[in-house]
Asks: 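Sending over a structure as C-alpha cells; questions will come in a sec.
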Protein chains: 2
Amino acid sequence: MRGGVVAGDCLDVLRSMPAERVDLIVTSPPYADQRASTYGGVTPDDYVAWFLPRAEQFARVLKPTGSLVINIKEKVVDGERHTYVLELILAMKKQGWLWTEEYVWHKRNCFPGKWPNRFRDAWERCLHFTREKRFKMNQDAVMVPMGDWATTRLRTLGANDVVRHDSRVGNAFGKNIANWQGRDRAYPTNVLHLATECGNKGHSAAFPHALPRWFIELFTDPGDTVLDPFAGSGTTLAAALELGRNAIGIELAPAYVTRCRQTLATAHEAAQALARAAAVTEQELISPRRGTATAKVSKDSVPL
Amino acid sequence: MRGGVVAGDCLDVLRSMPAERVDLIVTSPPYADQRASTYGGVTPDDYVAWFLPRAEQFARVLKPTGSLVINIKEKVVDGERHTYVLELILAMKKQGWLWTEEYVWHKRNCFPGKWPNRFRDAWERCLHFTREKRFKMNQDAVMVPMGDWATTRLRTLGANDVVRHDSRVGNAFGKNIANWQGRDRAYPTNVLHLATECGNKGHSAAFPHALPRWFIELFTDPGDTVLDPFAGSGTTLAAALELGRNAIGIELAPAYVTRCRQTLATAHEAAQALARAAAVTEQELISPRRGTATAKVSKDSVPL
DNA sequence: TAGCAACTTGAATCTACCG
DNA sequence: CCGGTAGATTCAAGTTGCT
C-alpha cells in the first residue's frame with residue numbers, strides 16, 4: 001500500500017491524472033462559506049457551479065465500478081435551510097452520475113446551542129454516487145455483530161451505550177473475523193451512528209475516522225485505490241492506509257498538506273503495529289490467557 | 001377538543017375551508033407509486049405536479065404562525081434514489097414556503113431485506129415548512145432526559161461550590177453551573193429515534209404514533225387545530241385528540257375514512273380515560289399508595 | 001487498575017451592534 | 001437598509017489527572 005498527498009486545487013491536479021484509476025472517492029468537501037481562507041469562501045449560491053467541474057473530473061478518474069461518497073450538509077441561511085445540496089444532487093445527475101443512495105451520519109455529539117426556531121443539527125448527508133448501476137460493494141465486510149452477546153448488551157444498555165466508534169487507531173484488530181466465530185452477524189442500515197472526534201486540540205478531523213473507514217471497507221478491496229480530493233487533515237487517507245488500500249490525497253492549503261503528510265506517516269506506522277498486534281491476538285486465541293483481552297476486542301469491534 | 005374526518009380529496013375539501021384556520025399540518029402523504037388504488041397511482045415523475053396544488057391549499061388554510069410537517073422518503077427507481085422529494089422542496093419554496101428544517105426519523109426497526117447495491121433503509125425525512133420566519137414552537141414541551149455528564153456533575157457538586165464559584169467575577173465555570181442548576185433535561189436534536197409500529201396496520205403509509213405526537217407537542221398548544229390532509233388510519237388525529245388539540249382529517253379512500261373514524265372514537269375515549277388517570281395520579285402524589293401508577297405516567301411522558 | 005472529576009472542544013446559529 | 005462580526009447559548013464525548 002502506498003499513500004501520497006498532492007498540493008493544489010483538485011480541479012487542476014485531477015486533469016493530469018489518467019482516467020479510470022480510482023476505486024473509491026470519499027471526501028468531505030469544504031461546506032459553503034466554510035474554510036474561506038483556503039477555498040476562497042464559496043458562497044451557497046455559487047456552490048453548485050464551483051463543484052460541478054470538479055465532479056466531472058471525479059467521474060473521469062473513477063473506475064466504472066467505483067463509488068463516490070460525499071459528506072455534506074447544507075447550512076442555515078436567513079432562517080431556513082439552503083438548497084444548494086439538493087441542487088447539487090440534481091446537477092450531478094444531469095452530469096451523468098447515478099444518485100444511488102443517501103446515507104445519514106447521525107452525529108451523537110453535535111454542536112450545542114439553542115435557537116428559537118430549530119434544534120441542534122445532529123445529522124449530515126453521505127451522498128453515494130456511482131457511474132454504473134453495478135458497482136463494487138462488499139456488504140459482508142461491514143456486518144455488525146448480533147447474537148447472544150449483542151442481544152444481551154442491547155437489552156441491558158441504553159441505545160447510547162450500544163454504539164461505539166473506534167476513535168483510536170489501535171483497536172482496529174477487533175475486526176478479526178475469528179472473534180466472531182459462532183456469532184450471528186447482521187447487515188447494517190443506511191444510518192451511521194458516530195460521534196465526532198473532539199479533544200484533539202488543533203488537530204480535529206472534519207469527520208470521524210470511522211466514517212471513511214466504513215465506506216472504504218464497503219466499497220473497496222485491499223490493494224484498491226482511494227482518493228480524497230479535499231484531503232484536509234488526512235482522515236480518509238489514514239483510514240485507507242490502515243486498511244491496506246492505496247491512498248491519494250489532494251489539498252489546496254499548504255498548512256493542511258503538511259499536516260496531511262504527518263497523518264500519513266503516522267498511519268503507516270500504525271498499520272504496521274496493527275499487523276503485529278493482529279498476530280499476537282491470533283496467538284492468544286489459540287491458547288488464551290487469563291484476562292480481558294477477548295472481552296475488550298468484542299467491545300471495541302462494534303464501530304457502527 | 002373535537003375531531004372529525006371528511007371524505008374526499010384534500011384538494012377539493014380544503015378549497016371550501018376558511019383561510020388561516022389551522023395551526024399545524026402533520027401528514028404522511030401517499031408516496032409515489034404507493035396506494036395506487038386510492039390516488040390513481042401517482043408516478044414519481046408526476047409527484048411534484050400532483051402535490052403542488054394541494055400544498056397551495058395547505059398554505060391557505062394554515063395560520064401565518066403555523067407549521068407544515070411532511071413525512072416522506074423517496075423510493076428507489078431503477079437502482080437509484082428518485083429525485084421527486086428534492087424537486088418538491090424546491091417547488092414548494094418557489095410557491096412561497098420556507099424550508100425551515102429537515103428532521104430525520106431514524107427507524108430503529110426498519111423493514112428487513114437484502115439487496116446487492118444498498119442496505120436497509122432506516123430513515124425518512126420529516127420536512128418542516130413554515131409560512132413565516134417566526135412561528136409557534138414550544139421547545140420546552142419536548143425536552144428529553146439529559147446525558148450522564150451533567151447528572152453526575154450536579155449530583156456531586158455541593159451548594160457551597162456553586163456559591164463559591166458564582167461569587168467570583170468573570171468566572172465562566174460558576175456562571176454555567178448556575179444555569180444548569182436543577183436542570184435534568186436537555187433540548188432534543190433534529191434526529192428522532194423511533195421504532196416503527198409493527199402492529200397490523202393495513203395502511204401502507206402508517207407512521208408511529210410518537211412521530212406526529214412529537215410535532216404536535218412541539219408546534220401547537222392545547223386547543224389548537226391539527227390537520228392531516230392524508231389521514232389514512234388516523235394516527236395523527238388520534239395523537240392530536242390525546243393531547244387536547246382539535247383534529248381535522250381528510251381521507252379519500254372510503255375504507256380508510258371508516259377506519260379513521262373508529263380510531264378517533266377510540267382516541268377520544270382514551271383521552272378521557274387519560275384525564276381520569278391523571279386526576280388519580282395527582283391524588284396519589286399528595287398521598288401516594290404503593291403501586292406503579294406514578295412510574296407509568298412518567299414513563300409515558302417521555303415518548304422520545 | 002479502575003473510577004471519578006475537571007476541563008476542553010466542536011463544518012452551529014441566532015441576536016445585537018457597528019459601519 | 002445592507003453586510004460583516006462579536007457575543008451568548010448549549011451538550012456529548014474525549015482527555016487528562018488524581019485517588
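Just so it is clear, the structure is predicted and the values come from calculations on it, not from any experiment. Reminder, nothing fancy here: chain letters follow the sequence lines and each chain counts from 1.
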Asks: Could one point to a donor on the side chain of A:Thr196 or the base of D:dA12 with an acceptor on the other under 3.5 Å away?
Replies: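 No, the side chain and the base share no sub-3.5 Å donor-acceptor pair.
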Asks: So does A:Arg125 pair up with A:Glu74, basic N to acidic O under 4.0 Å?
Replies: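 Between A:Glu74 and A:Arg125 there is a salt bridge, with a charged N closer than 4.0 Å to a carboxylate O.
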Asks: Between atom CD in B:Gln139 and atom P in C:dC14, what is the gap in whole Å?
Replies: 11 Å
Asks: Only counting residues at least two apart or in another chain, list the ones meeting side chain to side chain donor-acceptor pair (under 3.5 Å) with B:Gln95.
Replies: B:Trp97
Asks: Between D:dA12, C:dC14, D:dA13, spot the one nearest the side chain of A:Arg118, thanks.
Replies: C:dC14
Asks: To the nearest Å, how far apart are A:Asp121 CG and C:dC14 P?
Replies: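 About 11 Å, once rounded to whole Å.
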Asks: Return one dot-bracket line describing DNA chain D 5' to 3' (Watson-Crick or G-U wobble pairs, both distances under 3.5 Å; ( ) same strand, [ ] crossing, | another strand, . none).
Replies: .||||||||.|||||||||
Asks: In this structure, how many angstroms lie between the P atom of C:dA11 and the CZ atom of A:Arg125, rounded?
Replies: 18 Å
Asks: How would you list, by chain and number, every residue that makes a side chain to side chain donor-acceptor pair (under 3.5 Å) with A:Glu124, sequence neighbours excluded?
Replies: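 Once residues adjacent in sequence are excluded, the partners of A:Glu124 under the side chain to side chain donor-acceptor pair (under 3.5 Å) criterion are A:Tyr31, A:Asn71, A:Lys107.
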Asks: Let's see if you can work this out: which of D:dC11, D:dT9, C:dT13 has an atom nearest to the side-chain heavy atoms of A:Lys114?
Replies: D:dT9
Asks: What residues, two or more places apart in sequence or in another chain, satisfy side chain to side chain donor-acceptor pair (under 3.5 Å) together with A:Asn117?
Replies: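 A:Asn117 satisfies side chain to side chain donor-acceptor pair (under 3.5 Å) with no other residue.
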Asks: Which residues pass the ring-ring contact (aromatic ring centres under 6.0 Å, His included) test with A:Tyr47, not counting sequence neighbours?
Replies: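 Applying ring-ring contact (aromatic ring centres under 6.0 Å, His included) to A:Tyr47 gives A:Trp50, A:Tyr84.
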Asks: Rounding to an integer number of Å, can you tell me how far A:Leu194 CG sits from D:dG14 C1'?
Replies: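 It works out to 15 Å between those atoms.
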Asks: May I have the distance from A:Leu211 (atom CG) to D:dA13 (atom P), rounded to whole angstrom?
Replies: 16 Å
Asks: Measure CE/B:Met137 against C1'/C:dT13 and give the value in whole Å, please.
Replies: 13 Å
Asks: Please give, in whole Å, the distance from C:dA11 P to A:Arg120 CZ?
Replies: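 Atom CZ in A:Arg120 sits about 15 Å away from atom P in C:dA11.
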Asks: Polar-atom pairs under 3.5 Å, protein N or O versus N or O of nucleotides 15-17 of chain C: list them with distances, or write none.
Replies:
unit_1, atom_1, unit_2, atom_2, d
C:dT15, OP1, B:Arg134, NH1, 3.1
C:dT15, OP1, B:Arg134, NH2, 2.1
C:dT15, OP2, B:Arg134, NH2, 3.4

Asks: Looking only at atom P, what distance separates D:dT15 and C:dA11, rounded to whole Å?
Replies: 14 Å
Asks: Excluding sequence neighbours, so at least two apart, what forms salt bridge (charged side-chain N to carboxylate O under 4.0 Å, His left out) with A:Asp228?
Replies: none
Asks: Distance check needed: D:dG3 P versus A:Asp45 CG, whole Å only.
Replies: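 Result: 11 Å.
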Asks: Could you work out which one of D:dC11, C:dA11, D:dA13 sits closest to the side chain of A:Asn109?
Replies: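 Closest nucleotide to the A:Asn109 side chain: D:dA13.
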Asks: Kindly state whether the pair A:Phe111 / C:dG10 counts as stacked, where counting means centroids closer than 5.5 Å and planes tilted less than 30° apart.
Replies: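 Ring-base stacking flag not set for A:Phe111 and C:dG10.
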Asks: Between D:dC11, C:dT13, D:dA13, which one does the side chain of A:Val76 approach most closely?
Replies: C:dT13
Asks: On DNA chain C, does the nearest nucleotide to A:Asn71 precede the nearest nucleotide to A:Asp78 from the 5' side, or the other way round? Give the residue.
Replies: A:Asn71
Asks: Is the shortest distance from a Lys or Arg side-chain nitrogen in A:Asp121 or A:Lys75 to a carboxylate oxygen in the other one below 4.0 Å?
Replies: no
Asks: Considering only NZ, NE, NH1 and NH2 on the basic side and carboxylate oxygens on the acidic side, decide whether B:Lys93 and A:Glu80 come within less than 4.0 Å.
Replies: yes
Asks: Choosing from D:dC11, C:dA11, C:dT13, which nucleotide comes nearest the side chain of B:Tyr187?
Replies: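 For the B:Tyr187 side chain, the nearest candidate turns out to be D:dC11.
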Asks: Under the rule for ring-ring contact (aromatic ring centres under 6.0 Å, His included), what residues qualify as partners of B:Phe215, not counting sequence neighbours?
Replies: B:Tyr103
Asks: According to salt bridge (charged side-chain N to carboxylate O under 4.0 Å, His left out), who are the partners of A:Asp46, at least two apart in sequence or on a separate chain?
Replies: none
